[in-house]
Amino acid sequence: MLLDIPILIAKGSDHDSLSGNNPIVIVGPNGSGKTRHAINMAAWNDASHIGAVRNIELPTDVGMMSGERARIQLSATLTNRRSRWWQISNEIDQLFGKLLADNSEAAVKYRDGHYAGSDPELETTNLMKLQDSWKSMFPGRSIEFRGNQPFVVSKNGPEAAEYSDQQMSDGERVGLYLAGRVLDASSSVIIVDEPEVHFHSRLAARFWTELESLRSDCRFVYLTHDLPFALSRRDATFIVVMPNSQPQVVELKDGLPSDLIEALLGAASFSIHARRIVFCEGQEGKSIDQALYSAWFSDDDTAVVPVGSSSQVTACVDAFRQSKLVAGVEAIGIIDRDYWPDKYLESLPEGMFVLPVHEVENLYCIEEVFKAVATYLGKDHDLTNKLLADFKRDAIGKFSDGLFAKQVSQRFKMAIEHYKNVALNKVTVDPDRNTNKLNHLAALIPEN
C-alpha cells in the first residue's frame, strides 16, 4: 500500500509540497517550461524521470551480463542523462540487459534451491510482470525472449504468427519500454513526460492505469498536452505551469463534469499567453462566436475559448473565478440573449455578459455595427445607407405575424421554465406524499 508521499513541486513557492498518493498531472502548452520543471522536480525528489524524447528501438540481441554490472551500467546512463535531459534517452539496451540479468539470476536461484532440496519460492521478476502487463495491453499478443532476442507471438488470426522486435509497431515498442522503466524504477516518485505518445487515447489511459496498479508503491506525475488523458487519471491533482512564474496547483470544485474540467484546464493553459480568458458558446474551430470575439478583442492578452452551451459558459466562468484557477487571469463569459427571461439574466454570476441580440449573428443587424463593417469594406456613405435601408425592408418583410407569435411563445416558455425552477428549488421534500404534493402546488401557485 502506498504511503503518504509528499512531493516537492517548487522550492520557495506557496506549494512547496503536495501530500497524498494520488497522481499529479501537470498541464501547459509548448514553451511553458513543463519539461524543465520536471527535471527540477526529479532532482528535488530523487525521482525516476522518463523523458518525452525516447529511443524505443529494442536491441536485436540483448547482451548477457551479470546483474551487478547491468545495474551499474543502467544507473550510470540514467544519471548521465539528468544533466543532458534535452537529448534522446538511450538507456533501452541497459534496461533490458538488467531485466534479463535479474530474471536469469532468479531462475538460477530457484534451480539451485530446488536441487538443494529447500523447496524454494518462485520469484515473480520484473520481466515476468512486464510480459503479463504487455499481454493485457495488447490482447492476443505476447512478448517472449529467446536467446535474449525479443519476439512477439500473435494469436489474433486463424494460426499463431510471430515477428521480431524490428516489425513491432511504435505503440508496441513504446509500451514495452515504458513498462520496463516503470517496473524497474527504484524511486517512490515516477515522473513521465508525454505519457500518451504513440498510443491511441483509450489505450494510453488503460496502459497507465495498469502500470499504476502494478506500482502502487509509487506516486505518478504526468506532464501532458492531452486533456482527455489528464482527466482519465483518477483523483488527480492538477498543476498549471507558466513561464517565469511558479507552478500553480489547480483546485477544482467536486462534482464538475469532465467536459467542464477539460475546458477549464484548457483555458488555464492559455494563460501562458493571456491575462484574460473569454468563454463563449460553440465548439473549437466551428464557433462563429470564437471567430468574431477573437477578431473583436484581437490582442495577445486575450484568449477566446468556446465551451459549448450558454450554461457551460456560465459554469466555466463561475468555476474559474471561484477556484482561483490561475492567479492574475481574468475570466469573463459572453452568451447570446436567446429567449432568457430578465430574471434569469439578472441572476448570472459576476463576469457574465449578455449580447443585446438574440444570437451572435444578429450583431450585424445593429446599425452601428452594419455601418462599421461597410466602412471597413470600403463602401461609401450613400451606398451604406441604401444597403441598410434595403436590409431593414427585407428583414421586416420576412417577419410575419406567425413568426412574431412564435418568438413571443418561446420567450414565455423560457420565462415559465425559469419561474418553475426557482420556485421548486425552494421546496422541502416531505416524506408524507399528500403534504409533499401540497408543498409543490403551493410553490407553483402561491395564494397571493
Side-chain angles (χ1 to χ4, degrees), residues 42-43 45-85 87-113 120-137 142-152 164-166 168 172-193 195 198 207-208 210-220:
N45 294 277
D46 192 25
S48 296
H49 174 251
I50 303 176
V53 185
R54 311 156 185 146
N55 172 18
I56 57 173
E57 184 177 355
L58 290 165
T60 302
D61 188 11
V62 181
M64 282 296 295
M65 63 183 77
S66 67
E68 181 63 23
R69 182 183 175 189
R71 283 186 283 274
I72 292 173
Q73 286 193 2
L74 178 59
S75 177
T77 301
L78 294 175
T79 300
N80 181 61
R81 191 176 182 279
R82 282 194 175 185
S83 60
R84 301 173 183 271
W85 53 267
Q87 296 181 350
I88 189 169
S89 64
N90 275 308
E91 75 280 359
I92 193 168
D93 287 21
Q94 292 88 348
L95 171 64
F96 279 89
K98 179 177 181 298
L99 291 172
L100 283 165
D102 291 344
N103 191 69
S104 179
E105 287 184 352
V108 171
K109 181 180 178 181
Y110 178 79
R111 181 201 62 188
D112 291 348
E121 182 178 349
L122 179 62
E123 177 187 351
T124 302
T125 65
N126 284 333
L127 187 66
M128 295 165 66
K129 294 176 183 177
L130 183 153
Q131 289 174 300
D132 287 341
S133 65
W134 196 86
K135 185 187 300 184
S136 69
M137 290 302 100
S142 60
I143 189 81
E144 297 181 6
F145 290 85
R146 303 176 200 157
N148 298 328
Q149 184 176 1
F151 286 90
V152 174
S164 69
D165 61 291
Q166 295 175 331
M168 292 170 65
E172 289 175 320
R173 282 187 286 184
V174 78
L176 201 59
Y177 163 76
L178 290 173
R181 280 295 311 272
V182 168
L183 289 168
D184 189 67
S186 58
S187 172
S188 61
V189 177
I190 300 176
I191 301 174
V192 189
D193 202 342
H198 294 307
F207 178 84
W208 287 105
E210 170 79 4
L211 291 185
E212 286 176 22
S213 67
L214 287 174
R215 293 304 309 264
S216 59
D217 58 322
C218 295
R219 192 172 192 187
F220 285 74

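One is the number of the first residue; the rest follow in order along the sequence.
Across all their heavy atoms, Q131 and I143 have their closest contact at NE2-O, 2.9 Å. Residue M168 comes nearest to E172 through the heavy atom pair CA-OE1, 3.3 Å, listed as atom of the first residue, atom of the second, then distance. The shortest heavy-atom contact between S187 and A47 is OG-CA, 3.2 Å.
Expressed to the nearest 0.5 Å, how far CG of L211 lies from CZ of R181 amounts to 12.5 Å. The line from CZ of F151 to OG of S142 is 12.5 Å long, rounded to the nearest 0.5 Å. Rounding to the nearest 0.5 Å gives a distance of 9.0 Å between CD of E210 and CZ of F207.
The main-chain N or O of P195 is found under 3.5 Å from a side-chain atom of W208 such that the two form a donor-acceptor pair. In this structure a side-chain-to-backbone donor-acceptor pair under 3.5 Å is missing from S48 to I190. R215 contributes a side-chain N or O that, together with a main-chain N or O of A185, makes up a donor-acceptor pair within less than 3.5 Å.
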Assess the residue pair F145 and L99 against the criterion (side-chain contact (heavy atoms from CB on, under 4.5 Å)); give the C-alpha distance rounded to whole Å, side-chain angles, the decisive distance to 0.1 Å, and a yes or no. CA-CA 11 Å; F145 290 85; L99 291 172; over 6 Å; no
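Legend: residues meeting salt bridge (charged side-chain N to carboxylate O under 4.0 Å, His left out) with E212, ordered by chain and number and at least two apart, are R233. Taking the side chain to side chain donor-acceptor pair (under 3.5 Å) definition, one finds that E144 meets it with R146, sequence neighbours left out. Partners of Y177 according to the ring pair (Phe, Tyr, Trp, His ring centres under 6.0 Å) rule, which considers only residues two or more places apart in sequence or in another chain, do not exist here. Residues satisfying the salt bridge (charged side-chain N to carboxylate O under 4.0 Å, His left out) test with R71, not counting sequence neighbours, are E68, D102. Listed by chain and number, the residues in a salt bridge (charged side-chain N to carboxylate O under 4.0 Å, His left out) with D184 are K98 (sequence neighbours excluded).
L176 pairs with exactly one of L95, V152, L130 by the side chain to side chain contact (heavy atoms under 4.5 Å, CB included) rule, that one being L130.
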I'd like a table of donor-acceptor pairs (distance under 3.5 Å, sequence neighbours excluded) in which one partner is a side-chain atom from residues 120-129, with atom names and distances.
unit_1, atom_1, unit_2, atom_2, d
T125, OG1, N103, OD1, 2.7
T125, OG1, M128, N, 3.3
N126, ND2, L183, O, 3.3

